[in-house]
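The next block holds one structure in the form of structure tokens; read it before the comments.
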There are 2 protein chains.
Amino acid sequence: MTLTNNTFIGEYAYALDLKGRVNVPAKFRQALSKENKNTFIITRGMDSCVWVYPLIEWQKIEADLRNLSSLSNIHRTFVRNTARYASPSTYDKQGRITLSPSLVEYAGLEKDVLIIGMINKMEIWNPSELKRTDNNTIKIDPTAYDDLADKINI
Amino acid sequence: MTLTNNTFIGEYAYALDLKGRVNVPAKFRQALSKENKNTFIITRGMDSCVWVYPLIEWQKIEADLRNLSSLSNIHRTFVRNTARYASPSTYDKQGRITLSPSLVEYAGLEKDVLIIGMINKMEIWNPSELKRTDNNTIKIDPTAYDDLADKINI
DNA sequence: GGAAGTTACCCACAACTACCCACAATCTTA
DNA sequence: TAAGATTGTGGGTAGTTGTGGGTAACTTCC
């Protein structure tokens, strides 16, 4: 049973091995193989996690970045900070991607990791880090969800 | 694993040797070889860094410069300063380019350098210089930065 | 024209990465 | 329930990548 086109949902628990490899959920692999040439773009997430984009999704971001002229100081900085932590990767014959030591450190990943579908990308978390982030966010602004209510008809 | 067409992303740490040579990240080399005839245009960056364009990207800039009339003072100055520091270069059999002493001095490069993918070009930095520039820019105008992030929909 | 300095090309080696194989655990199907 | 297929995890190895240094060709300057 494969997923909708390039759409990631669900939660999966895997082990990060000593070489920095993590499994990509089988369901996600199938949704990716054709147009994306088995390629992901791996980068820092905005929380303490790793973001993994399928090539097609990343190319949308890339196209936007291309339109920012380096004559502008703030544009340069933005392009740099977006591009700098990203790197392409394919999964191996067993369906795993390799995370760089610097990404593992950034996200505070240990042996047990959680992969979460985020519709257009997936996230890789240290489970305890996720729990903390989650608690904090909702504590800061308990009514934040309410503002979304008229945008999303759940 | 090769990159998207002529697109540079990621961050790589290398050593500048006594002869002024730096490695070009293997991933960048592959994206370049065909249309670009292994040729780069190396020049001063707008921050304290070195910019390295693949030939194809540089030719786009050249085309734009051709359209700036020399009747305008500011145009003349801009064309002059863009053209004067640029020089072509190829990488050697081991994949390294040689930087001129004047560029090394301009960017304040020492032994450890950081190469950063900037979508249409790459930058060569002294890591401590980069940290300073980065902090300053975001401090100057944090909301402009957020506006960009919002527009690009990362 | 010859010496000194500079540049470009070549070789060598250490470190790392990607690829391959193996096997256990889980799921599917008959 | 048993057999086969798929999925998740570990480790070995060949090939690639990064770095240093040597030598020959080419410039520059007296």
Side-chain angles (χ1 to χ4, degrees), chain A residues 1-3 8 10-33 37-42 52 55 86-105 109-117 122 124-127, chain B residues 1-3 8-33 37-42 50 52 87-105 109-117 122 124-127:
Chain A
M1 152 89 256
T2 68
L3 284 171
F8 303 104
E11 171 179 81
Y12 305 84
Y14 294 113
L16 183 72
D17 72 17
L18 293 169
K19 292 180 176 179
R21 296 177 297 190
V22 226
N23 205 32
V24 174
K27 285 185 182 171
F28 290 0
R29 277 180 241 155
Q30 294 156 354
L32 281 167
S33 16
K37 303 166 189 167
N38 297 2
T39 301
F40 298 92
I41 306 294
I42 307 178
V52 183
L55 183 58
S87 105
S89 169
T90 55
Y91 48 86
D92 66 20
K93 218 176 177 182
Q94 280 70 250
R96 293 168 294 190
I97 48 176
T98 303
L99 305 179
S100 70
S102 110
L103 272 178
V104 170
E105 196 205 322
L109 299 182
E110 294 161 22
K111 187 160 200 304
D112 290 325
V113 302
L114 221 47
I115 297 196
I116 296 184
M122 49 182 154
I124 306 177
W125 283 89
N126 176 329
Chain B
M1 146 92 270
T2 69
L3 284 171
F8 303 102
I9 58 173
E11 171 179 79
Y12 307 83
Y14 295 115
L16 183 72
D17 71 16
L18 294 169
K19 295 178 177 178
R21 296 176 298 189
V22 227
N23 205 33
V24 174
K27 286 181 181 173
F28 292 0
R29 278 179 240 155
Q30 294 157 353
L32 281 167
S33 17
K37 304 164 189 168
N38 296 2
T39 301
F40 298 94
I41 307 294
I42 305 179
V50 174
V52 182
S87 91
S89 168
T90 56
Y91 49 88
D92 68 19
K93 214 177 178 182
Q94 280 70 250
R96 294 170 294 191
I97 48 175
T98 304
L99 304 179
S100 71
S102 110
L103 273 177
V104 170
E105 195 205 324
L109 299 182
E110 294 162 21
K111 186 164 199 302
D112 289 324
V113 302
L114 219 48
I115 298 196
I116 295 188
M122 52 181 152
I124 307 176
W125 283 89
N126 177 330

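Note: hydrogens, waters and symmetry copies are ignored here, and every other heavy atom, side chains too, is used. The sequence lines fix the lettering, A, B, ..., with proteins before strands; numbering per chain opens at 1.
- Atom P of nucleotide D:dG18 and atom CZ of B:F28 are separated by 11 Å, given to the nearest angstrom.
- Phosphate contact (OP1/OP2 of D:dT6, side-chain N/O of A:K27, threshold under 4.0 Å): absent.
- A:I124 CD1 to A:L103 CG: the interatomic distance, rounded to the nearest 0.5 Å, is 8.5 Å.
- At a threshold of 4.5 Å between non-hydrogen side-chain atoms, the residues B:I115 and B:F28 count as touching.
- Of the candidate nucleotides C:dC20, C:dA18, C:dC11, C:dA18 has the atom lying nearest to any side-chain atom of A:T98.
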Which donor-acceptor pairs under 3.5 Å do the side chains of residues 14-22 of chain B make with protein atoms, sequence neighbours left out?
| unit_1 | atom_1 | unit_2 | atom_2 | d |
| --- | --- | --- | --- | --- |
| B:D17 | OD1 | B:K19 | N | 2.9 |
| B:D17 | OD1 | B:G20 | N | 3.2 |
| B:D17 | OD1 | B:R21 | N | 3.0 |
| B:D17 | OD2 | B:R21 | NE | 2.7 |
| B:D17 | OD2 | B:R21 | NH2 | 2.9 |

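- Note on ring orientation: taking the six-membered ring where Trp is involved, the planes of A:Y91 and A:F40 are tilted (angle from 30° to 60°).
- If you check residues 15-23 of chain A against DNA chain C, the residues with a heavy atom closer than 4.0 Å are A:K19, A:R21, listed by number.
- For the pair A:Y91 OH and D:dG8 C1', the interatomic distance rounds to 15 Å; values are reported in whole Å.
- Regarding B:L99, its CG atom lies at a distance of 16 Å from the C1' atom of C:dT6, rounded to whole Å.
- If you take NZ of B:K93 and C1' of C:dA8, they are 13 Å apart, rounded to a whole angstrom.
- To the nearest angstrom, C1' of D:dT16 lies 12 Å from OH of B:Y14.
- Summarising the geometry, the separation between CD1 on B:I97 and C1' on C:dT7 is reported as 16 Å, rounded to the nearest angstrom.
- Nearest to the side-chain atoms of A:R29 among the listed nucleotides D:dG8, D:dG18, C:dC20 stands D:dG8.
- When rounded to the nearest whole Å, the span between CG of B:D92 and C1' of D:dG22 equals 14 Å.
- Taking the side chain as every heavy atom from C-beta outward, B:I9 and A:P88 approach each other to under 4.5 Å.
- Both A:Q94 and B:P101 lie close to DNA chain C; mapped to their nearest nucleotides by heavy-atom distance, the more 5′-ward contact belongs to B:P101.
- For the pair A:Y12 OH and D:dT9 P, the computed distance is 14 Å after rounding to whole Å.
- For the side-chain hydrogen bond (donor to acceptor under 3.5 Å, both in side chains) with A:N23, the lone residue among A:R96, A:Q94, A:R29 that qualifies is A:R29.
- What you find for B:K27 and B:Y12 is that their closest heavy atoms are CD-OH, 3.6 Å.
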